[in-house]
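Have a look at the structure below before the remarks.
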Amino acid sequence: MPVNYAQIEHSQGQFAAQYAAWQAEQAARSGVLKGLLNDAAANPELLRQAIEEAEQQLTNLYLAKPTSEPILTHKSLPHTPQSYTLVAADGSQIVPSRHRALQFGVVNVGLIKAQIGSGEAPEIRVETELLALDQIQTAEGTLIGEDEVALLRDLAERKIIRQAVAPGDLEPIITLTDGPLDVFYRSTIQGDRGQEVQREVFEIDQDLRRRGVVTAGYIDKPGSAMLSRMLAIFQCKRQGMPLESNNRELNLSDRFILQEILRQPGERSAIFEAITRSARKPANSLPVAFFYLNVSNDENEPCLARLEFPLWVSEVPGLVDTLHAVIYKEAQVLDSHPYPYLLHRSHELAVVKRIEADEIEVMLQSQIDPEIRAHQQRSNKDYLKGLS
Amino acid sequence: MSDSSRSIPIGKLLRADNSQFVAGCRVRELETPAFGSLVRASLEDQTDVYGLITNISINDDGLVRQLVSGVSIPGEYTADNRYNRNLPVEIHVLTIGYGIDGEIHHQLPPRPPLSLDQLFLCDSDEVARFTGHGYSYLRHILRLTDQPVEELLVSHLSQARRVQDSLGNPDWYEAACQRLIVLLRDDYPRLTQVLDALSELE
């Protein structure tokens, strides 16, 4: 049975009206926030005090903190190095499902490493890990969910990147993954597993830092409101109110605040530190900084992405410029839909299709004792879904 | 069956019927096959199916189309698309005969090659052996309707003539032209086109 389009048609007018109202609300909010941004730029000391107090007082916090650059900074595209190494990794996964005949999980990571300036085709690699049974079960014996498998995938991405970086690689070396750099954002995971992964990721990051490798996370069409929360804190401080970063009236994606500032293709914003406070966040997590980058090549259509990198990168002269230039150039390879080419390729290498998941299940079943296998049945619901 | 160890593997069978087949190869393997070359697919039942390359096509996909519109693509990414991505080059082959138990036949084979059978480029000995067995295979080429027959004849006869000349058979090419004239005697416009194309070889 297809969708009941008649019912959609009946509701679409109301939806359009709601959407228009929401857009108007967003535009008004954007105006307020831009005003606040200018005020905060004019009073950086008050902004700094507000954030430092919030860091002391609030246990749950996720906001932007200015670094040494003025918050209205818009920096044009620097010169791209003649040669460099860019490594991208992306993962895909099979989440264990009780509806399958066999409960299993797989993490599949695609890696591509290009030595720009060498003229050679990039190296490609795919690593597929069948998760052990104790990895796919929680302490209570239930199957782990989507978020926990994704955490294992994030860790696998970092591990393969660490392995891929070699002494003879053209410098500077930049690595790229999709999404925030700090895996802590998967904070819904219960128990110690999340913290263990966080610890491992931290160790990998430390190792890469020692080797001078710049790790970066690319967030396309970012939705986070880290600047809004920063400005909400600033407003509270200015008005003498108790500090609170979650103000629904001021909640707006950062890219709507910055897109008029970053009008020119290739411009980046000021560098901000990502401040994360949570009772469950481990102490040894990676301090992360970020900037927004207009990856568009048309000044009438800005397209903002967020680029996260370790805070230490912002303290080394020239590294931010290199990252800025390389990522913009990389996104221009797919210029009408700017997105880092190698990141797309790593996704293409990693993606696991349903037919491949089924094939893995058949492979695993073939190794299981027929007596046991006879009792491992796919759920009837899943079987019947497969008929349609 | 031919000695495959001396031949150059150029791809594997994608699809086939009795009169034609298509093989896929990677761009790295594309340096050897050329339009009009004599090729062979060796079947498991010891039959060799012979054919001429009638077309080589390069496939695309959404990413390639996106890249085509790009202003600046580093050479490394062009190489990535050519050598790393799974887009086979398709080699289309017209079947012109087969060999079994050491004998060459210029009829269509009893059965086509199977998918993933390996395709080899024939060396000079094989070209000499296949073309030294008469000219009746030329009728398969003349049956083509949607291919540049004249160009295919020029490419093939040029290769075969070179091989036969080197073996001391300078009359081979002239006899092949005579055979074409006989086969096309009732189709004067086409005969004219073929002879005009073959004049390139004079």
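Per chain, numbering begins at 1; letters A, B, ... match sequence-line order. Values reported hereafter were calculated over all heavy atoms of this structure, with side chains retained and with hydrogens, waters and symmetry mates removed.
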Q: Please indicate whether A:Q264 has more than 12 foreign heavy atoms, meaning atoms of other residues, nucleotides or ligands, lying under 6.0 Å from its CD.
A: yes
Q) Among residues 106-123 of chain A, which residues come closer than 4.5 Å to chain B, judged by heavy atom distances? A) A:I112, A:A114, A:Q115, A:I116, A:G117, A:S118, A:G119, A:E120, A:A121, A:P122
Q: Take atom CD of B:Q107 as the centre, draw a 6.0 Å sphere, and report whether it contains more than 12 heavy atoms from other residues, nucleotides or ligands.
A: yes
**Q.** Contact class of A:H344 relative to chain B, heavy atoms under 4.5 angstrom
**A.** side chain
Q: Check whether any side-chain heavy atom of B:L63 lies under 4.5 Å from a side-chain heavy atom of A:L334, and answer yes or no.
A: yes
Q | All salt bridge (Lys or Arg N to Asp or Glu O under 4.0 Å) counterparts of B:E76, not counting sequence neighbours | A | none
**Q.** Selection residues 78-88 of chain B - residue pairs positive for salt bridge (Lys or Arg N to Asp or Glu O under 4.0 Å), sequence neighbours left out
**A.** A:R345-B:D80, A:E348-B:R85, B:D61-B:R85
Q | Pairs involving residues 58-78 of chain B, ordered by first then second residue, that meet ring-ring contact (aromatic ring centres under 6.0 Å, His included) (sequence neighbours left out) | A | A:Y341-B:Y77
